[in-house]
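The structure appears right after this line, and notes come after that.
Note that these values count all heavy atoms, side chains included, but never hydrogens, waters or copies made by symmetry. The structure displayed is predicted, hence computed values, not measured ones.
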Amino acid sequence: MGGDHGHGAALPGSRRAVVATLAVLVPVAVVTLAMLVWLWPSGQPAREPTAGVERLTGTITAVLLEPCPEQSEGAPRSDPATCGDATVKVGGGPDLGRELTLRLPTGPGAQRFAAGDDVVLIRVQDGESGEPGYQISDHDRSTPLWLFGLAFALAVIAFGRWRGLTALAGLAITFVLLLTFVIPGILGGEPPMLVAIVGAAAIMLTVLYLTHGFTLTTSMAVLGTLASLTLTGLLSYAAIGFARLSGISDDSSFTLDLSLSIDTQGLLLASIIIGALGVLDDVTVTQAVTVTELAAANPSYRFRRLYRAGSRVGRAHIASVINTIILAYAGASLPLLLLFSVGDQPLGEVLTTPVIAQEIVRSVVGTLGLISAVPITTALAALVATRRDPEDAPRRPGAHGGQPASALPPTRSLRRARS
């Protein structure tokens, strides 16, 4: 951790900075590991699938359309392309290879199917006759999704090379921790906020160092992320209580609260913490690397000049990230916003509904956490960049026999540049 080997213009840090950094990060890593082991879900009973229901794949070999039945006045009309039967070849289960004639899904929002489409089938066991019944459920999107994932991985590796490969490894670790620790831990009855904090800390420590290397620059980004994430968690806790949000804003959260007795308020807080981490590490890494590169390009810069220069970059970055966050939330809630618009509700009533108020709190708290990340990380990186060991410090003008570097003869300057 003594030098930034991952950056061409990296500067070595002082031994005191390394020791101070390790004094903070090592206890954090030990506590995170201990909590991860303690909270790791084990012995949880496997959830049985719905009795008598099985999901299978199949392929449509033919579609025979027919006129849609007449609808009562005022009822939504069915799409003519969804009325009829489809011949489906079963791709799994006891009826593998068997061809069945099934009714096409119809009604508002029904999807269109054509010959050659891969589909998902629902096999239902009839309790009275014992004969299985099949229904067309949805398109089978496994092949397109695998192709999208492969294209994404190839693009990342082609552009980022080794750094891109480590980024993909970090992404895989993030998914593993979310799917094997965070979600099962919450479903197992652990406090959602505690699980989210431990999971976010584990993701941060693992992914940042794996992606960017064990350097002082990365360590400053980790410390900045940790401090900003702590502030975000405290602000989230206060904002949720102040706005009196219960965390129940849709059918999913209502079902979780009703059937699994999960702390939905804690779940909301956990979602804010995990969501903030995804943007915080982007900001903190950018700030730490920017300050390191500025210090390497301008060795005469002291703390104040490095902080000011890094902060200018940070302000520009934050301005664009804030717009990105708001647009992301607006895009995800666009159908809901359209419903509110059709209902012609006053703006004040729309903003105070639980689902919109929840997104407002999430956006505001996340933004405040991002804003705090810039000065914290910039100050840490500037402090380390200006606290180098004497033998690593650049020579000042006048160190060459009383002559400034610019006054050296051209041949000596050229020879020094080549070396």
Run the side-chain donor-acceptor check on residues 165-181: report pairs under 3.5 Å with partners two or more places apart or on a different chain.
unit_1, atom_1, unit_2, atom_2, d
T166, OG1, W162, O, 3.4
T166, OG1, R163, O, 2.7
T174, OG1, G170, O, 3.0
T180, OG1, V176, O, 2.4

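- The minimum heavy-atom distance between G310 and Q287, with the atom names listed, is O-NE2, 2.9 Å.
- Applying side chain to side chain donor-acceptor pair (under 3.5 Å) to T59 and the options D140, D118, T87 leaves one that passes, D118.
- For F113, the ring-ring contact (aromatic ring centres under 6.0 Å, His included) criterion is met by H139, not counting sequence neighbours.
- Taking every heavy atom of both residues into account, T232 and V365 meet most closely at O-CG1, 3.6 Å.
- The two residues G58 and L121 come nearest to each other via the heavy atoms CA-CD1, 4.3 Å.
- Judged by distance alone, with hydrogens and angles left aside, the side-chain atoms of T218 form a donor-acceptor pair with the main-chain N or O of G213 at under 3.5 Å.
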Could you walk me through whether Y209 and S219 pass the side chain to side chain contact (heavy atoms under 4.5 Å, CB included) test, one step at a time? CA-CA 8 Å; Y209 279 118; S219 298; 2.9 Å; yes
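- Not counting sequence neighbours, the partners of R103 by the salt bridge (charged side-chain N to carboxylate O under 4.0 Å, His left out) test are E66, D85.
- Taking CG of L147 as the start and OG1 of T143 as the end, the distance is 6.5 Å to the nearest 0.5 Å.
- Between atom CG of residue L380 and atom CG of residue L216 there is a gap of 11.0 Å, rounded to the nearest 0.5 Å.
- Residues W146 and L150 form no side-chain contact, since every pair of their non-hydrogen atoms from C-beta on lies 4.5 Å or further apart.
- In this structure, A295 and L306 approach most closely via the heavy-atom pair N-CD2, 3.7 Å.
- Between atom CD1 of residue I318 and atom OG of residue S311 there is a gap of 11.0 Å, rounded to the nearest 0.5 Å.
- Going from atom CG of L100 over to atom NZ of K89 covers 12.0 Å, rounded to the nearest 0.5 Å.
- Across P41 and G185, no two heavy atoms sit closer than the pair CG-N, 4.0 Å.
- You'll find the side chain of L56 reaches within 4.5 Å of the side chain of Y134, heavy atoms only.
- Nearest approach of L104 to C83, heavy atoms of both residues: CD1-C, 4.4 Å.
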Walk me through it: do T377 and V283 pass the test side chain to side chain contact (heavy atoms under 4.5 Å, CB included)? CA-CA 9 Å; T377 310; V283 173; over 6 Å; no
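- Atom CZ of R362 is separated from atom OG1 of T367 by 12.0 Å, given to the nearest 0.5 angstrom.
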Take V63 and D117 through the side chain to side chain contact (heavy atoms under 4.5 Å, CB included) test and state the conclusion after the steps. CA-CA 10 Å; V63 173; D117 288 352; over 6 Å; no
Donor-acceptor pairs are to be reported for all side-chain atoms of residues 186-207 against protein atoms at under 3.5 Å, with residues two or more places apart or in another chain.
unit_1, atom_1, unit_2, atom_2, d
T206, OG1, A202, O, 2.8

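- Partner of M220 under the side chain to side chain contact (heavy atoms under 4.5 Å, CB included) criterion, out of V384, T215, L383, T225: V384 alone.
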Go through it in stages, so that I can follow the logic: the residues are V120 and R55, the test is side chain to side chain contact (heavy atoms under 4.5 Å, CB included), and I'd like the CA-CA distance, side-chain angles, deciding distance and then a yes or no. CA-CA 7 Å; V120 176; R55 289 171 61 89; 3.5 Å; yes
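- Listed by first and then second residue, the salt bridge (Lys or Arg N to Asp or Glu O under 4.0 Å) pairs involving residues 141-153 are D138-R141 (not counting sequence neighbours).
- With sequence neighbours excluded, the residues satisfying side chain to side chain contact (heavy atoms under 4.5 Å, CB included) with I240 are L245, Q265, L268, L269, I272.
- With 3.5 Å as the limit, one finds no donor-acceptor pair spanning the side chains of R305 and S300.
- Taken to the nearest 0.5 Å, the OG atom of S236 stands 6.0 Å off from the CD1 atom of I273.
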